[in-house]
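Notes to accompany the following structure.
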Protein chains: 2
Amino acid sequence: MIYLGIIEDQPTIREALTGYLCAQPEFSCVLSAASVEEFLAAVPTMIHRPTLILSDIGLPGLSGIEGLAPLRHLLPQAEVVMLSVYTDAQRVFDSLRAGAVGYLEKDTPLPVLKDNLLQVAAGGSPMSPGIARHVIRYFQSPPRPALEPLTPREQDIVRGIEDGLSYQRIADRLFLSIDTVRSHIRQVYRKLQVNSKAELLARGYRR
Amino acid sequence: MIYLGIIEDQPTIREALTGYLCAQPEFSCVLSAASVEEFLAAVPTMIHRPTLILSDIGLPGLSGIEGLAPLRHLLPQAEVVMLSVYTDAQRVFDSLRAGAVGYLEKDTPLPVLKDNLLQVAAGGSPMSPGIARHVIRYFQSPPRPALEPLTPREQDIVRGIEDGLSYQRIADRLFLSIDTVRSHIRQVYRKLQVNSKAELLARGYRR
DNA sequence: GTTATTTTCACATCTTTATGCTATACCCCA
DNA sequence: TGGGGTATAGCATAAAGATGTGAAAATAAC
């Protein structure tokens, strides 16, 4: 049995959600609130704590994203799925970073919504198609301006720098003299067109 | 109409896939091969080029992941969805980085597989539940060991470091003396428990 | 088998960073 | 009204990094 909590400020939508989801045998609605604050206030009085929370983003007071931190703090075992009209990458990333396990568009048909929520219990992370595409794009690194390729050894060196090591430590790790490390780094800087560790790291050549 | 290509080395599975998917009115199967090499070789002779490719990962010769680069080069307009028994985060990330738009587990029921593939045309990125969870986790940075918060000014300084600037340049940007920058950096290093720019950047405090 | 690239190392020099100690001015607040 | 915390600044020193020049050995490429 999934103990479901719902946070949604618009009464019409909230009632539609509770009306449908709470009627499903898989769910037990334990709490439905119009704001994160209201939700948090009600939690201590409850017998069954929610294990799955469906939260809007555009809320009065704390936004759904801002609310994630206190929610997860108060209910560490609960998983939160965002339900929002917003589909922009920024809100999606912010939500996921703040701990949401899924992100669904508000126009998701109720039966689909139900399926998606059940996926969470199965270890899934439901996302509406367009949302998923944002997330995928994040991995597909923006085409870099075609830099000279690094030799394997140079990549070893870069890895060392990316790990925050000093020249000496890199030398130790690769069993080289510090002068050799210097040599390689000079080459790397030339190829990647930077001239300090900081710049190299700032440009994020990590993969 | 979706022009579908399939790459799968096991004849049984390949036939099951083609048998089911090609019978669907939404798809037109244009090519089915047992390896990336075979697939690539066949492309030039075709009238209708595939717009959607379903590719296995464990293939003889080029793996499905290695095959992504040449596939995308030869068929830039095609989208590739991986279909694999492997569910490890490494292969998932490698696939997405190499340009796959979706990742499905091999035990996905055929009707579900069909739905997922149709999602791609709608701009979606289908992922099996467990796969999606890997991806989500990537965003949920491992809980940092509760660091002392930085003051606004200190954050300015950190931003400068993250942009790859030297002390002098940070000072110029913020209209400070270089010694002031040093002072702030000292505080930052203490709070974040690092002792070099490289370490700070390596730990990735950027957001 | 010669050529080119990569990998390795050395020494010198100058710049940037890291770190310690000190000090003034400002603001909040108890 | 005096004590935290923040922001500013200076000086000094040691460590780490950046850059130039040069060169030998190992590998790969042709």
Side-chain angles (χ1 to χ4, degrees), chain A residues 66 69 144-207, chain B residues 37 40 61-63 66-67 69-70 73 144-207:
Chain A
E66 292 163 347
R144 296 206 195 297
L147 296 154
E148 249 182 284
L150 300 185
T151 68
R153 206 45 163 173
E154 284 162 0
Q155 290 175 35
D156 290 342
I157 303 288
V158 170
R159 219 162 296 131
I161 294 179
E162 287 175 345
D163 291 344
L165 306 180
S166 69
Y167 288 6
Q168 188 56 60
R169 290 216 167 280
I170 296 173
D172 292 348
R173 186 201 266 192
L174 301 174
F175 304 106
L176 297 175
S177 96
I178 192 170
D179 282 308
T180 305
V181 173
R182 279 188 225 273
S183 271
H184 287 305
I185 285 181
R186 221 166 323 163
Q187 275 291 94
V188 169
Y189 283 2
R190 191 189 56 71
K191 287 185 177 178
L192 302 188
Q193 296 165 44
V194 297
N195 49 14
S196 74
K197 281 174 154 192
E199 248 185 283
L200 192 160
L201 287 163
R203 304 228 180 146
Y205 287 94
R206 40 170 82 61
R207 66 215 97 257
Chain B
E37 292 87 336
L40 291 169
L62 280 183
S63 79
E66 292 162 347
H73 184 256
R144 299 205 191 296
L147 298 155
E148 251 181 282
L150 301 184
T151 67
R153 205 46 163 174
E154 285 162 0
Q155 289 175 34
D156 291 341
I157 301 290
V158 170
R159 219 162 294 132
I161 293 178
E162 286 175 346
D163 290 344
L165 306 180
S166 69
Y167 288 8
Q168 189 55 60
R169 291 218 166 278
I170 296 173
D172 293 348
R173 186 201 265 191
L174 301 175
F175 304 106
L176 297 175
S177 93
I178 193 171
D179 283 309
T180 305
V181 173
R182 279 189 225 275
S183 281
H184 287 304
I185 285 181
R186 227 169 324 188
Q187 276 291 97
V188 169
Y189 282 3
R190 191 189 55 70
K191 288 185 176 178
L192 302 187
Q193 296 167 44
V194 296
N195 47 16
S196 74
K197 281 174 152 193
E199 247 184 282
L200 192 159
L201 288 163
R203 304 228 181 145
Y205 286 96
R206 44 170 79 64
R207 65 212 89 260

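Numbered from 1 within each chain, the chains take letters A, B, ... in sequence-line order.
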Sugar-phosphate only, base, or nothing, as touched by B:T180 at under 4.0 Å among non-hydrogen atoms: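 Since a base atom lies under 4.0 Å of B:T180, the category is base.
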Check the distance between [N]'s [atom2] and [X]'s [atom1] and give it to me in whole angstrom.
X	N	atom1	atom2	value
A:F175	C:dT7	CZ	C1'	17 Å
B:Q187	D:dG5	CD	C1'	10 Å
B:L174	D:dT8	CG	C1'	12 Å
B:E199	D:dA16	CD	P	12 Å
A:L176	D:dA26	CG	C1'	14 Å
B:E154	D:dG5	CD	C1'	10 Å

A:T151 side-chain N/O to C:dT5 phosphate OP1/OP2 under 4.0 Å: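 For C:dT5, neither OP1 nor OP2 has a side-chain N or O of A:T151 closer than 4.0 Å.
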Below 4.0 Å: OP1/OP2 of C:dT7 and any side-chain N or O of A:H184: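 So the side-chain polar atoms of A:H184 never come under 4.0 Å of the phosphate oxygens OP1 or OP2 of C:dT7.
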Is there a side-chain contact between [X] and [Y] (heavy atoms, below 4.5 Å)?
X	Y	answer
B:D172	B:L165	no
A:H184	A:Y189	no
B:L192	B:L150	yes

Listed partners of [X] passing salt bridge (Lys or Arg N to Asp or Glu O under 4.0 Å), at least two apart:
X	result
A:R169	none
A:D156	A:R153, A:R159
B:D179	B:R182
B:R190	B:E148

Axis deviation across the helix from C:dG1-D:dC30 to C:dA30-D:dT1, five-pair ends, to the nearest 10°: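 Comparing the axis at each end, I get an angle of 50°.
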Would you list the protein and nucleotides 15-21 of chain C atom pairs, both N or O, that sit under 3.5 Å from each other?
from	atom 1	to	atom 2	distance (Å)
C:dT17	OP1	B:K197	NZ	2.5
C:dT17	OP2	B:Y167	N	3.1
C:dA18	OP1	B:Y189	OH	3.1
C:dA18	OP1	B:K197	N	2.7
C:dA18	OP2	B:Y167	OH	2.0
C:dA18	OP2	B:Y189	OH	2.9
C:dA18	N6	B:R182	NH1	3.4
C:dG20	N7	B:R186	NH1	2.5
C:dG20	O6	B:R186	NH1	3.1
C:dC21	N4	B:R186	NH1	2.6

Side-chain donor-acceptor pair present, B:T180, B:S177, cut-off under 3.5 Å: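 Side-chain D/A pair, B:T180 to B:S177: present.
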Straight-line distance of B:Y167 OH to B:I157 CD1, nearest 0.5 Å: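 So the OH of B:Y167 and the CD1 of B:I157 are separated by 10.0 Å.
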